[in-house]
Each structure stands twice: as structure tokens, then as C-alpha cells.
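Notes for the one structure printed next.
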Amino acid sequence: MTTRVACLGDSLTRAQVSVDYLDLLGRRRPPGDVRLARFGVNGDFAHNLLQRLDAVVADAPEVITVLIGTNDARASLAGYPVERVMKRKRLPERPSAGWFQECLEAVVARLRAETDATIGLLSLPVLGQRPDAPAAQASLAYSRMIAEVAAAEEVACLPLHERQTEELRRADAPPIAYREATLAASAGVFLQHAVLRRGFDTISRRRGLLLTTDHIHQNSRGAAHIAEVIDTGLLTRRG
């Protein structure tokens with residue numbers, strides 16, 4: 001029997017400037033085993049996700065994965081254009097750790113109340129390539145909040161951040177300084193991929209990046225980690 005899986009998130013789930021982890025997840029399962037539904041919107045914060053749950057509930061999924069918080073974590077970093085993003089994403093208040101956790105709790109509470117799905121919250125992919133640098137520490141701090149919400153709401157927490165941190169340390173990745181990805185930079189990655197036909201892994205390799213194309217969006221190695229933790233943490237156990 002086919003399992004209906006809804007994948008919720010931001011640009012990593014939308015997969016226009018990242019390798020498509022839904023595609024990799026589907027390939028890990030036997031043919032016909034899962035039906036994957038994509039609910040990803042570029043640039044979304046946890047607040048934005050909370051506003052668009054009607055479509056998820058209506059889809060009647062049996063499994064729900066939530067990968068959200070990267071943009072919330074980025075907003076805590078120096079140099080992030082908070083005011084401009086607040087206007088573009090129509091945020092009613094300035095992003096903060098407390099508001100992120102409140103919104104995520106509300107997301108999970110509604111999904112638990114209005115679906116019968118097994119729910120898994122993913123910790124965040126590592127921001128940047130230096131685990132001890134401020135960007136990576138921000139993604140770690142928000143990942144810990146995600147784990148707290150998962151424990152309080154009694155849903156699964158899937159250890160993506162832990163898996164990627166282990167990979168960066170094991171591979172002894174070059175300590176390239178984090179640079180905030182602007183809209184222009186993301187558009188540049190998209191154009192390289194869509195127009196110049198450069199693979200995301202080629203873009204990563206030229207920049208010396210192990211898991212991402214731009215310190216945020218995932219190449220095939222980073223996306224494979226997302227697919228892996230969903231598969232092993234939710235789907236395999238469910239089967």
C-alpha cells in the first residue's frame with residue numbers, strides 16, 4: 001500500500017535552488033511505496049508555514065515531515081536584511097527565537113489535531129561550513145529548539161543537523177567563511193543551474209563547499225542527508 005507523505009518546508013523543500021531531497025527520498029523506497037507531496041515555499045519562516053496548513057490538512061497525509069527554521073536562524077545573524085525580508089514575507093513581527101518556537105509549536109499542534117499522520121521535525125541543516133562559527137552555531141541553537149518542541153509535542157525529531165555536523169568534521173571540510181546568500185546570489189545559482197546547465201555539485205565544488213552551493217542550499221550530498229534521516233527515522237520504522 002502506498003504511504004502518503006507530505007514534506008513541509010522552505011526553499012530546500014521547494015528545490016529550485018537546491019538538489020531535490022524528495023526525489024532522493026523516493027529513490028530510496030521501493031516503487032509505489034510512497035506518494036510524496038511537496039509543500040515548500042522559498043524564503044518561508046515558521047510563521048509563513050503556519051499560515052498555509054490548510055492544503056496540508058486537506059491532503060490527508062499519513063506521514064508529515066517538517067523542515068523549517070533555516071530562515072529564522074539566518075535572521076539572528078549580523079548582516080541579515082531583516083527589515084527587507086519582513087516586508088517581503090509579510091511578517092507581523094521581527095523574527096526571534098521565541099517567536100520561532102511559538103510558531104513551530106502551533107504548526108505541530110494543528111497537524112496533530114487535524115490529521116492522523118506520523119509527524120517528524122527535522123533539525124536544521126548546518127549553516128556554513130565551520131561548525132564552530134556563528135552561522136553554524138545559530139543553526140545548532142534553533143535545532144535544539146526544534147528538538148524541544150518535538151519532545152513536548154511527542155513527535156519524532158530527525159537528526160539532520162547532527163548528521164551534517166558529523167560529516168563536516170569527518171571530512172575535514174575547508175573552513176570557508178560563511179557568506180549570507182542574497183536574492184541576487186540565489187538567482188545566480190539558479191541561472192547557473194537552469195541556463196548554463198551546471199549541476200549543483202559542480203557549483204559546490206568550484207566554491208570548495210562540501211554540502212551546499214552557497215552555505216545554505218543543498219547539493220546532492222547535503223540533500224542525501226535529508227532523505228536519509230527521513231527514511232531511516234520515519235518511513236523504515238513505520239514499515
*Verify side-chain contact (heavy atoms from CB on, under 4.5 Å) between L121 and V155, making sure each step is shown before the conclusion.*
CA-CA 7 Å; L121 308 184; V155 299; 4.0 Å; yes

*asked:* Between D201 and R221, is the side-chain contact (heavy atoms from CB on, under 4.5 Å) condition met? List the steps.
replied: CA-CA 8 Å; D201 293 347; R221 196 166 181 173; 5.9 Å; no

*Please assess R94 against E83 for the test side-chain contact (heavy atoms from CB on, under 4.5 Å), listing each intermediate value before the final yes or no.*
CA-CA 8 Å; R94 192 177 184 88; E83 286 76 15; 2.8 Å; yes

*Passes side-chain contact (heavy atoms from CB on, under 4.5 Å), R35 versus D59? Steps please.*
CA-CA 11 Å; R35 189 214 74 182; D59 195 55; 2.5 Å; yes

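Checked by atom type and distance alone, the side chain of Q51 pairs as donor or acceptor with a backbone atom of H47 at under 3.5 Å. D72 contributes no side-chain N or O that, together with a main-chain N or O of Y142, makes up a donor-acceptor pair within less than 3.5 Å. R4 places a side-chain N or O within 3.5 Å of a backbone atom of A60 that can act as its donor or acceptor partner. Without hydrogens or angle criteria, N48 side chain to K89 main chain gives a donor-acceptor distance under 3.5 Å. Checking side-chain atoms of N42 against main-chain N and O of R14 turns up no donor-acceptor pair under 3.5 Å. With hydrogens and angles ignored, the 3.5 Å screen pairs no side-chain donor or acceptor of R207 with any backbone N or O of H215. Within the 3.5 Å criterion, the main-chain N or O of E162 finds no donor-acceptor partner in the side chain of T165. The backbone N or O of T13 lies less than 3.5 Å from a partner atom in the side chain of R38, making a donor-acceptor pair.
No chain of hydrophobic side-chain contacts below 4.5 Å, direct or via other Ile, Leu, Val, Met, Phe, Trp or Tyr residues, connects L124 to V126. Residues I64 and L104 share a single hydrophobic cluster, defined by chaining ILVMFWY side chains whose heavy atoms lie under 4.5 Å apart. Hydrophobic clustering, with ILVMFWY side chains joined whenever heavy atoms are under 4.5 angstrom apart, keeps L127 apart from L67. Tracing side-chain contacts under 4.5 Å through hydrophobic residues (I, L, V, M, F, W, Y), one reaches L50 starting from I68; they form part of the same cluster. Cluster membership for I226 and V34, using ILVMFWY side-chain heavy atoms within less than 4.5 angstrom, is shared.
A pairwise comparison of heavy atoms in T65 and C7 identifies OG1-CA, 3.3 Å as the closest pair. Closest of all the heavy-atom pairs between P125 and Q218 is CB-NE2, 3.7 Å. When all heavy atoms are compared, the tightest approach of F100 to G69 is CE1-CA, 3.5 Å. Between L49 and D44, the shortest heavy-atom distance links the atoms N-OD2, 4.0 Å. Between A117 and V63, the shortest heavy-atom distance links the atoms CB-N, 4.0 Å. Across F45 and A75, no two heavy atoms sit closer than the pair CE2-CB, 4.0 Å.
A distance of 14.0 Å separates OH in Y178 from CD in Q137, rounded to the nearest 0.5 Å. Residue R29 holds its CZ atom at 11.5 Å from OG1 of T2, rounded to the nearest 0.5 Å. Expressed to the nearest 0.5 Å, how far CD of E228 lies from CG of L24 amounts to 11.5 Å. With rounding to the nearest 0.5 Å, the separation of CG in L111 from CG in D116 is 11.5 Å. Distance CZ/F200 to NE2/H217: 9.0 Å, rounded to 0.5 Å. Rounding to the nearest 0.5 Å places CD of Q164 at 10.5 Å from CD of Q129.
Between E148 and R144 there is no salt bridge, since no side-chain nitrogen of the basic residue lies less than 4.0 Å from a carboxylate oxygen of the acidic one. A salt bridge links R27 with D23: at least one charged nitrogen is closer than 4.0 Å to a carboxylate oxygen. Look at R110 and E114 and you find a salt bridge, because one of the NZ, NE, NH1 or NH2 atoms lies within 4.0 Å of a carboxylate O, short of that distance. Between R28 and D33 no salt bridge is recorded (no basic side-chain N to carboxylate O distance below 4.0 Å).
Exactly one residue among L22, V5, L25 makes a side chain to side chain contact (heavy atoms under 4.5 Å, CB included) with I230. That residue is L25.
Heavy atoms of other residues, nucleotides or ligands lying less than 6.0 angstrom from CZ of R179 number 12 at most.
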